[in-house]
Amino acid sequence: VRSRRQRQMCIRDSEYSVTQEHIVSTIIRDQLGQITLPNVGEAKERIILATPDGNMHELSIIIADILCRANRYSTSYLGASHPAECLGEAVNILKCNTVVMGVVSSDLWSYEKNIISYLTEMDSFLKHPVQVVLGGGWKLDFPKYKNISVVKVMASFEDFDQALDSHSL
């Protein structure tokens, strides 16, 4: 199975059509969805998983959900494409302290162009301190936020798994 980056290069090189890439993604998503792990762990350590508004690529947060559960963290999987206000409200209602976001860029959503303004807007709706973990992005000059206490960028699933295992998330 090719990685997402490899599939995108195949689309660019016309080896795959966009439709074929979506079919492969759907098969992978369905297979990952069949992995059932208990949703255990302390509620105060619950992790919300989502992607920003306009970002439809949820495979990364599906994998992150599996890693969280394998490391005995409780999760609230909210899925793809959440407006900042809605995600902020969900964080408040669920009283979560950690939000893991898949932020892989695509033709329709750009990490570099969108993430800072998205986090700024989300921060304006938060009512308590929250850490945000970004998977699929890179370090940027993030501003100081009112309620987002820290923005962590995970370079790989291995780094994310290690952070969960060592309780350093």
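Predicted, not measured: the structure shown is a model, and the values here were computed from it. All residue numbers in this chain count up from 1 along the given sequence. Computation of the quantities below employed the complete heavy-atom set of this structure, encompassing side-chain atoms and omitting hydrogens, waters and symmetry-equivalent molecules.
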Participant: Indicate if Tyr77 and Tyr73 have the same hydrophobic cluster label, given that clusters are the connected sets of ILVMFWY residues with side-chain heavy-atom separations under 4.5 angstrom.
Facilitator: yes

Participant: Between Asp53 (side chain) and Ala84 (backbone), is there a donor-acceptor pair under 3.5 Å?
Facilitator: no

Participant: Tell me, please, which residues at least two apart from Gln131 pass side-chain hydrogen bond (donor to acceptor under 3.5 Å, both in side chains).
Facilitator: Thr98, Lys152

Participant: May I ask you to test the Leu164-Cys68 pair for a side-chain heavy-atom distance under 4.5 Å?
Facilitator: yes

Participant: Can you confirm whether Trp109 sits close enough to Ile115 that some side-chain heavy atom of one is under 4.5 Å from a side-chain heavy atom of the other?
Facilitator: yes

Participant: Does the side chain of Leu87 reach to within under 4.5 Å of the side chain of Met101, using non-hydrogen atoms?
Facilitator: yes

Participant: Any side-chain heavy atom of Tyr111 sitting closer than 4.5 Å to one from Val104?
Facilitator: no

Participant: Membership question, hydrophobic clusters at under 4.5 Å side-chain separation (ILVMFWY): are Leu140 and Tyr145 in the same one?
Facilitator: yes

Participant: Just so I know, are the side chains of Asn71 and His167 near enough to count as touching, which here means a heavy-atom distance under 4.5 Å?
Facilitator: no

Participant: When you group the ILVMFWY residues by side-chain heavy-atom contacts below 4.5 Å and let the links chain together, are Phe157 and Val133 in the same group?
Facilitator: yes

Participant: Give, for atom OG of Ser60 and atom CG of Leu134, the distance between the pair rounded to the nearest 0.5 Å.
Facilitator: 10.5 Å

Participant: Do Val99 and Phe125 sit in the same hydrophobic cluster, where Ile, Leu, Val, Met, Phe, Trp and Tyr count as joined when their side-chain heavy atoms come under 4.5 Å apart?
Facilitator: no

Participant: How about His82 and Tyr118: are their ring centroids closer than 6.0 Å?
Facilitator: no

Participant: At what distance, to the nearest 0.5 angstrom, does CG of Leu67 lie from CD1 of Ile61?
Facilitator: 13.0 Å

Participant: Report yes or no: do Val153 and Val130 belong to one cluster of Ile/Leu/Val/Met/Phe/Trp/Tyr joined by side chain heavy-atom distances under 4.5 Å?
Facilitator: yes

Participant: Check whether His57 reaches the backbone of Ala80 with its side chain - one donor and one acceptor, N or O, closer than 3.5 Å.
Facilitator: no

Participant: Evaluate the side-chain proximity of Asp161 to Glu158: yes if any heavy-atom separation is below 4.5 Å, no if none is.
Facilitator: no

